[in-house]
Amino acid sequence: MNKKIQLPLQTANLVVGFMVWVLISSLLPFITEDISIPPERLAIVTAVPVVLGSILRIPLGYYANIFGARIIFMISFILLLFPVFYISETSSFTGLIIGGTFLGIGGAVFSVGVTSLPKYYPKEKHGLVNGIYGMGNIGTAVSTFAAPVIATQIGWSMTVKLYLVLLLIFAVLNFIFGDKQETKIKTPIVEQIKGVYKNEKLWFFSLFYFITFGSFVAFTVFLPNFLVTYFGLEKVDAGMRTAGFIVVATLLRPVGGWLADRFQPLFLLMGAFAGLTLAAIVLAFSPGIGLYTVGSILIAAMAGIGNGVIFKLVPFYFNKQAGIVNGIVSMMGGLGGFFPPLLLATIHSITGSYSIGFMAFSQVALVSLVLVIWLYYMDRLTLAKEVFDSTGQGILVTSPNGTILSVNPAFTQLTGYTEEEVIGSNPNVLSSGRQSKQFYTTMWSIIGEEGSWQGEIWNKRKDGTEYLELLTINAVKNDAGEVERYVGTFSDITPS
C-alpha cells in the first residue's frame, strides 16, 4: 500500500513545489503596486527563482538516491518556509531578489521524483510514470490562476503567507506516508559524474530539455506581465490565459511519456521540435491576440510532449546513473527557462519588439530538430555495429575490387588475423591453395549472375593450420545496380 501511494504523493509534492517556485511571477502585477521595480528589472525578479531551482536539481537528484524521496521532499518543504515568509514581509526590490532566489528549492524538487519513482515500476512504464509525475507542473498553473484571484481579496502579502500552511501540511504528509524502505543507491557523486559526462547523449538530452522545459518555464514566468503590458489585458485575465498555457503543456506531458513507451521516442522528439520551430516563427511576426494564442498553445503542446519523451529516454540510456543524469538534464531545462525572459526583455528594450527573440528561439528549435535526426541515425549505426561485432560468424567486408574494408571480432577468433593486419589486404591472404583457379572463376561468375554464392572452402589461419569453412558471399548493390561492396560470412565446419 505504501508503495502504491508514492506516485500520487510525489506528484502532489511537485505541484506544491512548483506553486511556490512561481509565486513571485504569479503576483508580480500586484507586487509592483507596492514595491517600485524599474521595468528593465522585472525580468530579473521573475528569473532569479529559476537559477537555484535549476542548479539544485543535481544534488537533489543525487541525494534522492542516497536518502530516499521522503527525506528530501520533507527537508525541502521545511526550508521553503523561510523564503516564503521573508517575501511576505519584504517591501524592497532587494528583498524580492533574496527571497526569490531561495524559492528555487521549489523547482529543484522535480529531480527527486524522476529519480525515485522509476524504482517502483518496470522499464516499459517509465515514460508514462515520469509523465504523470511531470504533471506536477500544473502547480505553476494553480499559482498563476489562483494567487491573483486571492490577492484581489486579501492582498498579495497575505496570499503569500497562505503558502506557509500548504508547505507545513506537505512536510507532515511526507513524514507519514513517504516510503521509508525505498531502495537506496550509494555511489559517490564524483564517480557518477565521471561515468556519464563523456557520454554525448547526456548533453544532447540536456540541450533538448533546455529547449522543451525551458520554453515551458519561460512562457510561464513571461506571459502574465507580458499580456498585461503588451496587450493591455486585466491581471486576472492574463493569469487565466497563462494558466491555460500551463494546463495544455502539463496534460500533454504524460501523453508524451505514454507515446514514448509505444513508439520510437526520437521520432516523437522530431515532431516536437518541428512544432516549436513553426510556433516561434508565428510569434516572431507579432500577431494579434488571436494568432498569438494559437502560437502559444502550440508551444505548450510541443513542450509538454517533448518533456514527457525526454524523461523516457533518460532511464532507458542511463539506468544505473539515473539520479545524477536526471539532475543534470533537469538543471539544464530549468536554466532554459532563465535566459529567454531576460533575452526577450533586453531585445525589447533595444528594439521595441519581441520579434527577434522569437525568431532566435525558432532557429534554436530547428537546430535541435536536426540534432535529433542525426542522433536517430547514429543510434541506427550503433545498433548495426553491435550486431556486426556480436555475431558468432566471421564477417569480412570488401570493396568491389576485393580490398578488405572491415572484419568483425569473430573473424579474428576464427583466423587469428587482427583487423589491423588485414585491412587493405586481399582475402587471398587466407587461401590454403587447395582450390583450383577454375573454382574461383566459377564462384565469381555465380556471384555476378545471382548476387550471392554459398559453399564449402578450405582456408588457412595465420598460424598456418588449415580449416574447412562454410562461406556465403553477397554482393551489396546501390540503386543503380552497381556493386558497392561484398560481404562474406563464414563459420568453421572442420571435421573433428
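The figures here come from the full heavy-atom set of this structure, side chains too, leaving out hydrogens, waters and symmetry mates.
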Less than 4.5 Å apart, any side-chain heavy atom of [X] and any of [Y]?
{"X": "I299", "Y": "F361", "answer": "yes"}
{"X": "L60", "Y": "S76", "answer": "yes"}
{"X": "V476", "Y": "Y486", "answer": "no"}
{"X": "V172", "Y": "L168", "answer": "no"}
{"X": "E182", "Y": "R70", "answer": "no"}
{"X": "V407", "Y": "V422", "answer": "yes"}
{"X": "R241", "Y": "I289", "answer": "yes"}
{"X": "F490", "Y": "F411", "answer": "yes"}

Salt bridge (Lys or Arg N to Asp or Glu O under 4.0 Å) against K125, all qualifying residues, sequence neighbours excluded: none

When the aromatic ring centroids of [X] and [Y] are compared, is their separation below 6.0 Å?
{"X": "Y376", "Y": "F267", "value": "yes"}
{"X": "F204", "Y": "W374", "value": "yes"}
{"X": "F358", "Y": "F285", "value": "no"}
{"X": "F216", "Y": "F213", "value": "yes"}

T398 vs L405, side chain to side chain contact (heavy atoms under 4.5 Å, CB included): CA-CA, chis, key distance, verdict: CA-CA 5 Å; T398 75; L405 302 175; 5.5 Å; no

Just by modelled atom types, is the [Y] backbone N or O under 3.5 Å from a matching donor or acceptor in the [X] side chain?
{"X": "D261", "Y": "L128", "result": "yes"}
{"X": "K119", "Y": "T183", "result": "yes"}
{"X": "R253", "Y": "I132", "result": "no"}
{"X": "T489", "Y": "Q393", "result": "no"}
{"X": "S143", "Y": "M19", "result": "yes"}
{"X": "Y86", "Y": "G100", "result": "no"}
{"X": "N408", "Y": "I395", "result": "yes"}
{"X": "T250", "Y": "V247", "result": "no"}

On a heavy-atom basis, which atom in [X] and which in [Y] lie closest, and how many Å separate them?
{"X": "S296", "Y": "F219", "value": "OG-CE2, 4.0 Å"}
{"X": "V309", "Y": "P265", "value": "CG1-O, 3.4 Å"}
{"X": "S215", "Y": "F245", "value": "O-CZ, 4.3 Å"}
{"X": "P49", "Y": "L103", "value": "CB-CB, 4.3 Å"}
{"X": "L14", "Y": "F110", "value": "CD1-CA, 3.6 Å"}
{"X": "G275", "Y": "L298", "value": "O-CD2, 3.7 Å"}

Pair L252-V255, side chain to side chain contact (heavy atoms under 4.5 Å, CB included): steps then yes or no: CA-CA 5 Å; L252 285 177; V255 174; 4.1 Å; yes

When rounded to the nearest 0.5 angstrom, what is the spacing between [atom1] in [X] and [atom2] in [Y]?
{"X": "L251", "Y": "I246", "atom1": "CG", "atom2": "CD1", "result": "11.5 Å"}
{"X": "L56", "Y": "L79", "atom1": "CG", "atom2": "CG", "result": "9.5 Å"}
{"X": "I105", "Y": "R57", "atom1": "CD1", "atom2": "CZ", "result": "13.0 Å"}
{"X": "L375", "Y": "E200", "atom1": "CG", "atom2": "CD", "result": "7.5 Å"}
{"X": "I404", "Y": "E419", "atom1": "CD1", "atom2": "CD", "result": "10.5 Å"}
{"X": "L269", "Y": "L371", "atom1": "CG", "atom2": "CG", "result": "11.5 Å"}

Pair N65-T115, side-chain donor/acceptor within less than 3.5 Å: no

Side-chain donor-acceptor contact under 3.5 Å, S111 with Y62: no

Intermediate values then yes/no, side chain to side chain contact (heavy atoms under 4.5 Å, CB included), V84 and L167: CA-CA 10 Å; V84 170; L167 287 167; 4.0 Å; yes

Atom CE of M240: over 12 foreign heavy atoms under 6.0 Å: no

L7 atom CG: more than 12 heavy-atom contacts under 6.0 Å: yes

Whether F205 and F208 hold their rings parallel, tilted or perpendicular, with breakpoints at 30° and 60°: tilted

Ion pair E484/K477, N-O distance below 4.0 Å: no

Evaluation steps, side chain to side chain donor-acceptor pair (under 3.5 Å), between Q10 and S116: CA-CA 9 Å; Q10 293 191 33; S116 168; 3.1 Å; yes

Trace of the side chain to side chain contact (heavy atoms under 4.5 Å, CB included) decision for I71 with M74: CA-CA 5 Å; I71 296 293; M74 198 163 56; 4.1 Å; yes

